[in-house]
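Since the model is a prediction, treat every value here as computed from it, not as a measurement.
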Amino acid sequence: MRSYAVPLLILTALLAVCLWNGAHLHRQCQDWQAQLTAIDTAAQADAWEDAEAQLEALYGQWLQVQLWLHITMEHDELDEAEALFCRGLVLAEEEDSVEFRAHIADLRSQLQLLCEMEQVRIENVL
């Protein structure tokens with residue numbers, strides 16, 4: 001039994017870290033989703049300075065967690081979200097309501113995908 005103790009301890013620790021990572025990312029994505037909803041509302045009300053400032057703040061939060069995200073997630077999905085952030089900032093500066101709101105919806109979907117990728121589900125395990 002003693003020879004199984006260390007591997008079981010390591011597997012248990014890895015499982016705990018994976019579960020924590022999924023829960024942490026879920027909370028983070030919910031916060032980002034709420035901020036994107038507020039940004040969309042500001043754009044809909046033609047409050048472009050507010051929408052742009054909120055998107056820049058959200059992008060700053062996104063940049064702060066990049067090291068962690070790049071360690072734990074697929075880079076292609078992160079790169080797609082990064083491109084959507086950058087394009088959204090340009091569209092907010094141009095005050096293009098239709099394109100901006102469409103990009104915010106795409107960004108919301110991309111962040112939801114990132115969250116779903118880290119959830120413990122059978123399709124993610126297999």
Side-chain angles (χ1 to χ4, degrees):
M1 179 68 181
R2 185 177 176 153
S3 63
Y4 294 119
V6 174
L8 285 175
L9 183 63
I10 291 171
L11 286 174
T12 303
L14 285 173
L15 177 62
V17 169
C18 289
L19 292 173
W20 174 85
N21 183 54
H24 180 71
L25 183 62
H26 182 72
R27 284 189 304 275
Q28 186 72 57
C29 285
Q30 285 181 325
D31 183 45
W32 290 337
Q33 296 285 349
Q35 291 179 51
L36 285 170
T37 300
I39 291 166
D40 188 41
T41 302
Q44 193 171 11
D46 286 331
W48 287 105
E49 292 170 1
D50 188 35
E52 186 175 4
Q54 288 182 43
L55 186 58
E56 285 176 356
L58 178 57
Y59 185 56
Q61 292 174 14
W62 169 260
L63 291 176
Q64 289 178 352
V65 296
Q66 284 304 294
L67 178 62
W68 166 63
L69 291 175
H70 277 280
I71 290 170
T72 60
M73 305 201 71
E74 290 184 34
H75 292 231
D76 291 341
E77 303 302 329
L78 295 172
D79 293 343
E80 178 68 26
E82 180 80 20
L84 289 168
F85 269 114
C86 293
R87 181 71 177 138
L89 288 168
V90 169
L91 291 171
E93 194 173 298
E94 293 174 356
E95 299 181 5
D96 185 348
S97 180
V98 174
E99 285 274 332
F100 179 76
R101 294 190 67 218
H103 263 72
I104 292 300
D106 288 344
L107 181 56
R108 188 179 295 123
S109 296
Q110 186 66 26
L111 293 178
Q112 184 63 36
L113 174 67
L114 292 177
C115 182
E116 289 173 1
M117 288 171 56
E118 291 299 308
Q119 298 303 307
V120 178
R121 291 192 222 165
I122 193 70
E123 60 264 16
N124 289 343
V125 174
L126 299 177

(message) Please tell me whether V90 and L58 are part of a single hydrophobic cluster in this structure, the criterion being side-chain heavy atoms less than 4.5 Å apart.
(response) no

(request) Report whether V17 and L25 are members of the same hydrophobic cluster (ILVMFWY, side-chain heavy atoms less than 4.5 Å apart, transitive linking). (result) no

(request) Starting at OG1 of T41, measure out to CD1 of I104 and round the result to the nearest 0.5 Å. (result) 11.0 Å

(request) Measure the OG-CG distance between S109 and L114 for me, rounded to the nearest 0.5 Å. (result) 11.0 Å

(request) Start with the C-alpha distance between L15 and L11, add both sets of side-chain angles, then the distance that settles side chain to side chain contact (heavy atoms under 4.5 Å, CB included), and finish with yes or no. (result) CA-CA 6 Å; L15 177 62; L11 286 174; over 6 Å; no

(message) One pair to check against side chain to side chain contact (heavy atoms under 4.5 Å, CB included): L84 and L111. What are the steps and the verdict?
(response) CA-CA 10 Å; L84 289 168; L111 293 178; over 6 Å; no

Review item, side-chain donor-acceptor pairs of residues 68-77, under 3.5 Å, at least two apart:
from : atom 1 : to   : atom 2 : distance (Å)
W68  : NE1    : N21  : OD1    : 2.9
H70  : ND1    : H75  : ND1    : 3.1
H70  : NE2    : Q66  : OE1    : 3.2
T72  : OG1    : W68  : O      : 3.0
H75  : NE2    : H70  : O      : 3.1
E77  : OE1    : Q110 : NE2    : 2.9

(message) I need the full list of salt bridge (Lys or Arg N to Asp or Glu O under 4.0 Å) pairs touching residues 36-49, with sequence neighbours left out, sorted by first then second residue.
(response) D40-R101

(message) Per the salt bridge (Lys or Arg N to Asp or Glu O under 4.0 Å) rule, what does the pair list look like for residues 50-71, sequence neighbours excluded?
(response) none

Which heavy atom of [X] sits nearest a heavy atom of [Y], and at what distance?
X	Y	value
W48	A92	CE3-O, 3.8 Å
L107	L36	CD2-CD2, 3.7 Å
L8	T12	O-OG1, 2.7 Å
A42	Q54	CB-NE2, 4.3 Å

(message) Taking side-chain contact (heavy atoms from CB on, under 4.5 Å) as the definition, give me every residue that meets it alongside I10, ordered by chain and number, with sequence neighbours left out.
(response) V6, L14

(request) For the residue pair F100 and I39, establish whether any side-chain heavy-atom pair is separated by less than 4.5 Å. (result) yes

(request) If a pair satisfies side chain to side chain donor-acceptor pair (under 3.5 Å) and one of its residues is in residues 23-38, list it, with sequence neighbours excluded. (result) H26-Q30, D31-Q35, Q35-Q61

(message) Considering only residues two or more places apart or on different chains, which pairs with a residue in residues 82-100 satisfy side chain to side chain donor-acceptor pair (under 3.5 Å)?
(response) Y59-E82, W62-E82

